2 protein chains.
Amino acid sequence: MGNIREIAKLAGVSVATVSRVLNHYPYVKEEKRKAVWEAIEKLNYTRNINAVHLSRGKTSIIGIIIPYVNHPYFSTITEGIAAEALRNGYHLLLFQTNYDIKKEIDALEMLKMKQVDGIIICSRTVDWERIEAYSQYGPIVLCEDVKGRNLSSVSIDHYYAFLMGMNYLIKKGHRKIGYCIGRITGTNSKARQAAYQEALKQINERPRPEWIFDQCLYIEDGERVVASLLRMKERPTALLVSSDQVAAGIITFGKNKGLKIPENLAVLSFDNHPISEALNITTIELPLSVMGKKAFHMI
Amino acid sequence: MGNIREIAKLAGVSVATVSRVLNHYPYVKEEKRKAVWEAIEKLNYTRNINAVHLSRGKTSIIGIIIPYVNHPYFSTITEGIAAEALRNGYHLLLFQTNYDIKKEIDALEMLKMKQVDGIIICSRTVDWERIEAYSQYGPIVLCEDVKGRNLSSVSIDHYYAFLMGMNYLIKKGHRKIGYCIGRITGTNSKARQAAYQEALKQINERPRPEWIFDQCLYIEDGERVVASLLRMKERPTALLVSSDQVAAGIITFGKNKGLKIPENLAVLSFDNHPISEALNITTIELPLSVMGKKAFHMI
DNA sequence: ATAATGTATGAAACGCATTTCAATGCAATA
DNA sequence: TATTGCATTGAAATGCGTTTCATACATTAT
């Protein structure tokens with residue numbers, strides 16, 4: 001394998017010239033260029049990319065912080081980022097956090113250590129101040145509304161989307177409406193809550209905390225929601241569900257339990273994941289893959 | 001920020017001692033250790049990890065080659081790898097290939113360049129020889145049967161699983177059986193085909209190429225399968241489906257089209273993804289997450 | 001008391017490619 | 001012919017942490 005110096009010696013040129021050839025710089029005589037390539041072939045040489053990283057001070061790697069890889073919402077964003085990164089010669093370092101704040105900080109630390117050139121945070125637990133502090137070390141893009149903070153972000157207007165959903169249900173005649181979200185503390189969830197309250201205010205209904213279901217991420221969480229609903233004396237007539245997966249779970253488990261959908265319970269969800277088409281779920285599309293793509297370009 | 005030499009100067013020690021402190025080596029006087037930490041604090045120092053990588057000759061990063069991040073089959077494996085990698089202080093570099101052979105080679109090249117210490121290949125398009133050639137540069141683990149080749153692998157016995165599935169359907173009285181898979185050329189798919197043929201031979205039925213559906217990956221592919229089935233004069237009475245997602249699609253689209261399931265068409269699938277429970281699909285569990293975990297440990 | 005261990009620490013070499021700076025050769029313009 | 005400028009090339013500095021080797025002192029064993 002050897003290193004650039006050996007190549008230089010074998011080709012009878014200086015290391016600078018080898019580097020020029022390797023990086024496709026102009027101003028190298030054709031014959032020397034050829035000699036260098038031949039030496040590279042002969043020694044089966046490959047650049048030590050860590051030396052390149054050190055020398056250049058950058059890695060062409062961007063980090064992506066997500067809570068779970070195997071949730072469609074996040075894997076779709078990741079997909080978008082990955083495809084776009086690849087097309088631009090970047091690599092992706094995956095930080096799966098499970099919403100563990102320590103792991104998020106570890107990931108941010110990688111920016112300071114120059115392991116990554118930038119970071120895309122798809123879902124956040126650490127506080128804003130911390131992120132702002134780290135952003136001196138490199139670009140950080142958030143996939144949520146940053147509320148005027150001095151941070152880059154690409155975000156879906158979940159407030160608007162949720163409001164749209166609420167209005168749709170209200171127009172259908174519903175007044176008793178609940179909703180399901182993934183993690184009640186997130187920024188996106190707060191936007192949804194605000195939209196929920198706003199919509200209810202307009203029809204003079206009070207929000208019902210018992211109709212708000214937290215921790216709804218996967219299809220199987222729908223089962224829990226259905227079970228809760230069945231135990232209630234007074235049930236909502238409609239549910240806004242932040243994930244198609246969960247909606248699918250609610251609908252199928254609900255039907256198993258004899259819940260008539262949409263007669264007893266209307267379900268409206270978000271993402272427009274193929275599962276919703278399959279199950280005939282009414283859903284509002286969220287451009288997740290595009291968001292990933294944009295997030296990449298902001299970096 | 002500065003570097004290790006500045007820390008050394010400020011703390012009044014040598015760089016070697018700083019390195020010892022940084023790496024928690026013994027044989028450093030407590031007072032010097034303290035002085036070093038103080039200097040680190042004062043200068044807000046962090047190691048340049050690229051220098052560490054270069055110096056150590058390794059990165060504690062492992063690469064993972066998958067065709068698509070947003071398919072449950074692969075994201076579940078990835079999930080398993082990610083969780084385990086994290087617990088062992090490793091990071092994950094994601095190579096999404098879309099089954100593009102060039103991208104696979106690029107990823108393998110990263111092993112040679114020492115960008116990654118090892119690679120886990122979840123699905124492969126390049127030929128064996130090439131992988132064997134690259135394995136001189138570091139550990140490579142395949143997630144498929146390597147058929148006695150000199151390569152590490154963790155694999156699910158898809159032959160056995162498929163045979164089991166076939167026998168289950170046969171026991172239920174089916175003789176006209178078809179199947180759906182993701183990519184007909186993969187090793188895993190060949191194992192499935194072999195199992196299919198073997199099972200049919202035992203009941204003296206001939207394989208029906210028209211009942212074999214390729215490119216079935218996502219829920220929406222079920223729609224295509226249903227459409228094909230409806231066009232056939234003679235249909236299978238049962239389908240073995242390599243992915244729960246696709247099975248879900250077949251069942252829901254099928255029902256929409258008036259196909260009675262399981263009366264007209266029995267469906268048996270694999271993975272045991274939560275979706276199958278939701279839809280009451282009979283499924284055979286595949287330990288994907290565990291496979292990811294094991295794959296990591298082989299490296 | 002002497003040899004043998006163990007603790008503590010620094011100088012210097014090592015890993016490797018990039019990039020700046022200076023120098024050389026040659027061609028085109030004044 | 002003198003001058004300006006571009007094409008080419010190499011020496012050396014740079015980025016930065018790890019690790020080996022040698023050294024020095026303090027113990028403990030013989």
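The chains referred to below are lettered A, B, ... by the order of the sequence lines, with proteins before strands, and numbering in each begins at 1. For clarity, every value in this text was computed on a predicted model and none was experimentally measured.
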J.: I'd like to know whether NZ of A/Lys112 has more than 12 heavy-atom contacts from other residues, nucleotides or ligands below 6.0 angstrom.
T.: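 Counting neighbours around NZ of A/Lys112, more than 12 heavy atoms of other residues, nucleotides or ligands fall under 6.0 Å, so yes.
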J.: Between atom CZ in A/Arg33 and atom C1' in D/dT9, what is the gap in whole Å?
T.: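 Taking CZ of A/Arg33 and C1' of D/dT9, I get 13 Å after rounding.
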J.: Shoot me the first and last contacting nucleotide of DNA chain C against chain B, ordered 5' to 3', at under 4.0 angstrom to non-hydrogen atoms.
T.: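 From 5' to 3', the first and last contacting nucleotides are C/dT7 to C/dC16.
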J.: State yes or no: are the ring centers of A/Tyr99 and A/Tyr68 separated by less than 6.0 Å?
T.: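 They qualify: ring centres under 6.0 Å apart.
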J.: Can you see which heavy atom on B/Pro139 is nearest to which on B/Leu111, and at what distance?
T.: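 For B/Pro139 versus B/Leu111, the nearest heavy atoms are O-CD2, 4.3 Å.
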J.: Find every protein N or O atom lying less than 3.5 Å from an N or O atom of nucleotides 13-17 of chain D, and list the pairs.
T.:
unit_1 : atom_1 : unit_2  : atom_2 : d
D/dG17 : OP1    : B/Tyr45 : OH     : 2.3
D/dG17 : OP2    : B/Ile4  : N      : 2.5
D/dG17 : O5'    : B/Tyr45 : OH     : 3.4
D/dG17 : N7     : B/Arg5  : NH2    : 2.7
D/dG17 : O6     : B/Arg5  : NH2    : 2.8
D/dG17 : N2     : B/Ser55 : OG     : 3.0
D/dG17 : N3     : B/Ser55 : OG     : 3.2

J.: In this structure, how many angstroms lie between the C1' atom of D/dT18 and the NZ atom of B/Lys58, rounded?
T.: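 Between C1' of D/dT18 and NZ of B/Lys58: 13 Å.
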J.: Expressed as a whole number of angstroms, how long is the span from B/His24:NE2 to D/dT19:P?
T.: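 Computing the B/His24:NE2 to D/dT19:P distance gives 14 Å.
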J.: Grab the OH-C1' distance between A/Tyr27 and D/dC6 for me, whole Å please.
T.: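 So the two atoms are 6 Å apart, to the nearest Å.
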J.: Of the options B/Val21, B/Ile7, B/Val18, which is the one that meets B/Val13 in a side-chain contact (heavy atoms from CB on, under 4.5 Å)?
T.: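 Testing each of B/Val21, B/Ile7, B/Val18 against B/Val13, the sole residue satisfying side-chain contact (heavy atoms from CB on, under 4.5 Å) is B/Val18.
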J.: What do the steps show when you test A/Arg5 against A/Leu10 for side-chain contact (heavy atoms from CB on, under 4.5 Å), and what is the final call?
T.: CA-CA 9 Å; A/Arg5 275 155 243 276; A/Leu10 185 60; over 6 Å; no
J.: Can you name the nearest heavy-atom pair linking A/Tyr45 to A/Gly2, along with the distance?
T.: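 So the minimum-distance heavy-atom pair works out to CD1-O, 3.4 Å.
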J.: Testing the basics here: between B/Cys143 and B/Ile120, what is the closest heavy-atom pair and its distance to 0.1 Å?
T.: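 B/Cys143 and B/Ile120 have their closest heavy atoms at SG-CG2, 4.0 Å.
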J.: Take A/Gly12 and B/Ala16, find for each the nucleotide of DNA chain D with the closest heavy atom, and name the residue whose nucleotide sits nearer the 5' end.
T.: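 On the 5' side of the pair lies A/Gly12.
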J.: Using a cut-off of 4.0 Å on non-hydrogen atoms, how would the nucleic acid contact of B/Val18 be classed: base, sugar-phosphate, or nothing?
T.: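 Here B/Val18 touches no strand at all.
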J.: Side chains of A/Tyr134 and A/Glu109: donor-acceptor distance under 3.5 Å anywhere?
T.: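 Yes, side-chain donor-acceptor contact under 3.5 Å.
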J.: Take the C1' atoms of the five end pairs on each side of the helix from C/dA1-D/dT30 to C/dA30-D/dT1, get both axes, and report the angle to 10 degrees.
T.: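 Roughly 30° between the end axes, to the nearest 10°.
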J.: Ignoring hydrogens and geometry, is there a side-chain-to-backbone donor-acceptor pair from A/Glu104 to A/Thr125 under 3.5 Å?
T.: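 Judged by distance alone, yes, a pair lies under 3.5 Å.
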J.: Short question: side chain of A/Gln96, backbone of A/Ile65 - any donor-acceptor pair under 3.5 Å?
T.: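 It does not hold such a pair.
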J.: Looking only at atom types and distance, does a side-chain atom of B/His71 sit under 3.5 Å from a main-chain N or O of B/Tyr218, one as donor and one as acceptor?
T.: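 Not at all, since once roles are kept as given, no pair shorter than 3.5 Å links the two residues.
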